2 protein chains.
Amino acid sequence: MNTSTEHDQTSKQSAAVESLSTARRIVGESIGDLMGFWNFKPSMGRVWTCLYLSPRPMTAAEIVEETGLSVGSVSMTLQDLRAWSVVRDSGRDGSRRCFEAETDVVRMVTHVFRERELRLVQNTIEKLEEAVKLLDHHGRTSSASQMLESRFVVTRARRLLDLSKAGHTLIDRFSRVGRFDIGAIRDKLSLRR
Amino acid sequence: MNTSTEHDQTSKQSAAVESLSTARRIVGESIGDLMGFWNFKPSMGRVWTCLYLSPRPMTAAEIVEETGLSVGSVSMTLQDLRAWSVVRDSGRDGSRRCFEAETDVVRMVTHVFRERELRLVQNTIEKLEEAVKLLDHHGRTSSASQMLESRFVVTRARRLLDLSKAGHTLIDRFSRVGRFDIGAIRDKLSLRR
DNA sequence: GTATTGTTTCAATCTGTATTGAAAACAGAC
DNA sequence: GTCTGTTTTCAATACAGATTGAAACAATAC
């Protein structure tokens with residue numbers, strides 16, 4: 001089962017093996033970096049790519065071998081990846097669990113995007129609502145000298161809140177329909193300062 | 001010019017000042033975290049929000065005062081923010097430079113999104129092209145026993161490359177037109193494994 | 001010109017997070 | 001039930017990258 005280290009007698013063959021694993025490494029790094037910019041851990045990129053480039057499901061031990069990550073790290077990373085539905089269980093090889101990569105990359109990306117961004121923006125919305133509430137109260141109790149300042153801040157804070165809500169709607173629609181159109185929510189975005 | 005620490009005699013007033021600065025802090029944190037998920041440094045979020053919530057342009061010294069960041073940090077952060085066209089120079093107050101926040105948040109977001117994502121994806125495309133080239137060569141020189149493995153890996157790598165290119169097109173169109181429609185590039189995305 | 005004030009740079013430090021390694025928990029065979 | 005091989009957990013470590021603070025640099029005033 002150890003596909004790459006069995007028979008590499010001739011120099012030609014070993015060079016070929018070399019370039020295959022180099023290519024694997026480059027692909028892993030590229031996708032790893034890309035995922036990294038969407039705040040995934042590098043190890044998630046490495047492990048997913050490793051599975052994606054394997055013609056058959058792999059055991060945790062094989063992934064350790066291939067990626068050079070520690071046993072513990074691979075275990076945790078696989079949990080993360082399964083939680084994002086980006087890796088699936090795939091039966092067993094003897095007593096060892098096997099894993100395979102989700103191959104529908106588009107579905108994967110929209111799903112992950114949806115979960116992550118919606119949660120994030122929702123969280124922002126809640127915090128901003130808290131701030132606006134405070135500011136409203138402040139506006140009613142503040143002295144005349146602070147009025148101007150106060151009104152300005154509350155206006156800007158409300159605007160950020162509206163934008164966040166618009167963003168939430170946008171992300172929600174996009175991740176359902178695969179279409180992301182700023183025109184559809186232009187009213188919320190209109191630039192009344 | 002030090003708006004928040006001048007006259008806070010009565011307890012009512014000082015409570016009001018308190019809630020104003022609390023609200024400011026909450027807004028700063030929220031937006032900071034949000035920007036953080038798009039890989040901006042926390043200090044960038046803090047400084048931008050600080051400017052956005054100010055009714056007039058601010059000097060670096062005022063920003064230091066308001067955010068509690070160090071002088072050096074504020075200077076570097078302002079450079080970053082100007083590089084992203086998210087903060088503008090705004091004349092001078094005596095001999096001190098002044099800065100103001102870009103207020104067209106939508107323009108700002110699409111611009112930043114465009115720059116960042118396009119660069120990122122372009123970089124991935126280049127790396128994947130390198131890997132595919134290696135794999136093609138490998139395919140031609142490898143032994144029969146490796147053929148299957150090799151063909152599989154190259155197929156998958158090509159698919160990732162195609163997807164990246166599709167993504168690049170998508171981001172490019174979106175950031176020009178404000179419309180992001182997966183249907184428009186469905187051909188590239190079709191799931192021929 | 002020099003002095004003074006404001007701004008940028010950069011090596012050192014600090015902080016938050018990913019990864020490790022070893023121990024604990026678990027599952028299946030016997 | 002115990003034993004063996006596998007998987008998970010978690011405190012300690014290592015790392016990356018953000019922030020600081022002091023020194024170099026620029027600009028303005030005198």
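Numbers restart at 1 for each chain; the letters A, B, ... are given by sequence-line order, proteins then strands. Because the structure is predicted, anything quoted here is derived from the model rather than measured.
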Exercise. Using a 4.0 Å heavy-atom cut-off across all strands, classify A:Ser43 as base, sugar-phosphate, or nothing.
Key: sugar-phosphate
### Task
Would you tell me whether B:Ser175 and B:Thr110 have side-chain atoms, one donor and one acceptor, within less than 3.5 Å of each other?
no
5' to 3', nucleotides 21-30 of chain C under a 4.0 Å protein heavy-atom cut-off (B base, S sugar-phosphate only, - none) gives B---------
query: So, for A:Trp38 and B:Phe37, is the gap between ring centers shorter than 6.0 Å?
result: no
In whole angstroms, the gap separating C1' of D:dA27 from CG of B:Asp89 amounts to 15 Å
- Task: Classify the side-chain pair B:Ser43/B:Thr77 by whether it contains a donor and acceptor separated by less than 3.5 Å.
- Result: yes
The nucleotide from C:dA18, C:dT8, D:dA18 with an atom nearest the side chain of A:Pro42 is C:dA18
_Donor-acceptor under 3.5 Å (B:Ser54 side chain, B:Cys50 main chain)_ = no
What do the steps show when you test A:Glu129 against A:Lys133 for salt bridge (charged side-chain N to carboxylate O under 4.0 Å, His left out), and what is the final call? CA-CA 6 Å; A:Glu129 269 166 349; A:Lys133 198 154 46 178; over 6 Å; no
Rounded to whole Å, the CE-C1' distance (A:Met35 to C:dA18) equals 16 Å
Would you say CZ of A:Arg179 has more than 12 non-hydrogen atoms from neighbouring residues, nucleotides or ligands within 6.0 angstrom?
no
A:Leu78 atom CG is separated from C:dT19 atom P, nearest whole Å, by 13 Å
Taken to the nearest whole Å, CE/B:Met58 to C1'/C:dT7 is 17 Å
A:Gln79 atom CD is separated from C:dT19 atom C1', nearest whole Å, by 15 Å
Considering only heavy side-chain atoms of B:Leu69, the closest of D:dT8, C:dT9, D:dT20 is D:dT20
When rounded to whole Å, the CE to C1' distance for the pair B:Met44 and D:dT19 reads 14 Å
Closest of D:dT19, C:dT8, C:dT19 to the B:Lys41 side chain is D:dT19
Q: Look at the side-chain N and O atoms of A:Arg82 and state whether any lies under 4.0 Å from the OP1 or OP2 oxygen of D:dT7.
A: no
From the list A:Glu100, A:Glu62, A:Arg88, side chain to side chain contact (heavy atoms under 4.5 Å, CB included) with A:Pro57 holds only for A:Glu100
Here the distance between atom P of C:dT7 and atom CD of B:Glu62, to the nearest Å, is 11 Å
Here the distance between atom P of D:dT28 and atom CG of B:Asp93, to the nearest Å, is 14 Å
Taking D:dT20, C:dT8, D:dT7 as options, the one with an atom nearest any side-chain atom of A:Ser75 is D:dT7
